[in-house]
Amino acid sequence: QGQLVESGGGLVQAGGSLRLSCVAPGNIFSINNMAWSRQAPGKQRELVAIITRGGATNYAASVKGRFTISRDNAKNTVYLQMNSLKPEDTAVYYCAAGPVRTFSIDTYPHWGQGTQVTVSS
């Protein structure tokens, strides 16, 4: 057992960039796919990017071409590079880990506490 810990959120102007980081315990990171999700005010939580243990990636259509997920196995860390940010990207961003490569949040049993990303217009 252990917690996933996100960092890197903050306030950024539209068009700007942020890089989120998530550090996971090794026993979680090494055997799971990693993912980033977000939850905007009044909205359901949604997955936006996943990366498998082998490095394959998938993105939600809303972030494709703007966000890049990556992982550093030596640091047990997954990153989300967010470029060309839009006000609609404003949300709490959560790191997740799970054994199945899907965009269903029900398949990700491990979650972080979240980091706030606010994009001003």
Side-chain angles (χ1 to χ4, degrees):
Q1 296 183 340
Q3 292 185 336
L4 284 62
V5 181
E6 303 97 333
S7 63
L11 175 65
V12 64
Q13 295 182 12
S17 299
L18 285 173
R19 189 179 76 158
L20 306 182
S21 299
C22 170
V23 180
N27 61 343
I28 293 176
F29 189 88
S30 64
I31 65 172
N32 284 290
N33 304 312
M34 302 297 296
W36 284 98
S37 65
R38 66 187 183 186
Q39 187 165 20
K43 303 292 185 180
Q44 295 180 343
R45 188 177 300 188
E46 62 173 347
L47 289 167
V48 298
I50 58 176
I51 185 166
T52 69
R53 286 164 286 178
T57 60
N58 289 102
Y59 299 92
S62 58
V63 307
K64 189 177 298 182
R66 300 187 297 118
F67 291 10
T68 302
I69 188 171
S70 61
R71 62 192 293 162
D72 186 334
N73 293 336
K75 297 181 178 180
N76 294 332
T77 301
V78 61
Y79 303 97
L80 187 68
Q81 178 66 47
M82 304 184 294
N83 298 326
S84 301
L85 283 162
K86 305 174 181 179
E88 50 263 46
D89 295 318
T90 295
V92 178
Y93 282 73
Y94 298 89
C95 182
V100 182
R101 182 186 175 184
T102 72
F103 274 88
S104 173
I105 63 172
D106 294 336
T107 65
Y108 291 84
H110 307 286
W111 294 88
Q113 295 297 113
T115 185
Q116 176 71 48
V117 172
T118 303
V119 184
S120 62
S121 60

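Under 3.5 Å, the side chains of S17 and N83 contain a donor-acceptor pair of N or O atoms.
For the atom pair Q116 CD and Q39 CD, the distance stands at 11.0 Å (nearest 0.5 Å). Of the inter-residue distances, the one linking D72 atom CG with T77 atom OG1 reads 6.0 Å to the nearest 0.5 angstrom. Atom OH in Y108 sits 5.5 Å away from atom CG in L47 (nearest 0.5 Å). Note that the CD1 atom of I69 and the CE atom of M34 stand 7.5 Å from one another [nearest 0.5 Å]. For the atom pair NE2 of H110 and CD1 of I28, the computed distance is 4.5 Å after rounding to the nearest 0.5 Å.
No donor-acceptor pair under 3.5 Å is formed between the side chain of R71 and the backbone N or O of N33. Without hydrogens or angle criteria, T118 side chain to T90 main chain gives no donor-acceptor distance under 3.5 Å.
Annotation: side chain of R66 is not in contact with side chain of M82 (no heavy-atom distance under 4.5 Å). Side-chain contact check for P99 versus P109: some heavy-atom pair is nearer than 4.5 Å.
Closest of all the heavy-atom pairs between S121 and A14 is CA-CB, 4.4 Å. Contact between T57 and R101 at its shortest, heavy atoms only, is O-NH2, 3.7 Å. For the pair F103 and A49, the tightest heavy-atom approach, listed with the atom from each and the gap, is CE2-N, 4.2 Å.
Follow the hydrophobic side-chain contacts under 4.5 Å out from Y79 and you never reach I50; the two are in separate clusters.
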F67 and L85: side-chain contact (heavy atoms from CB on, under 4.5 Å), yes or no, with the steps?
-> CA-CA 9 Å; F67 291 10; L85 283 162; 3.8 Å; yes

Please step through side-chain contact (heavy atoms from CB on, under 4.5 Å) for the pair F29 and N73, ending with a clear verdict.
-> CA-CA 8 Å; F29 189 88; N73 293 336; 3.1 Å; yes

Residue pair W36, E6: steps toward the side-chain contact (heavy atoms from CB on, under 4.5 Å) verdict | CA-CA 10 Å; W36 284 98; E6 303 97 333; 3.8 Å; yes

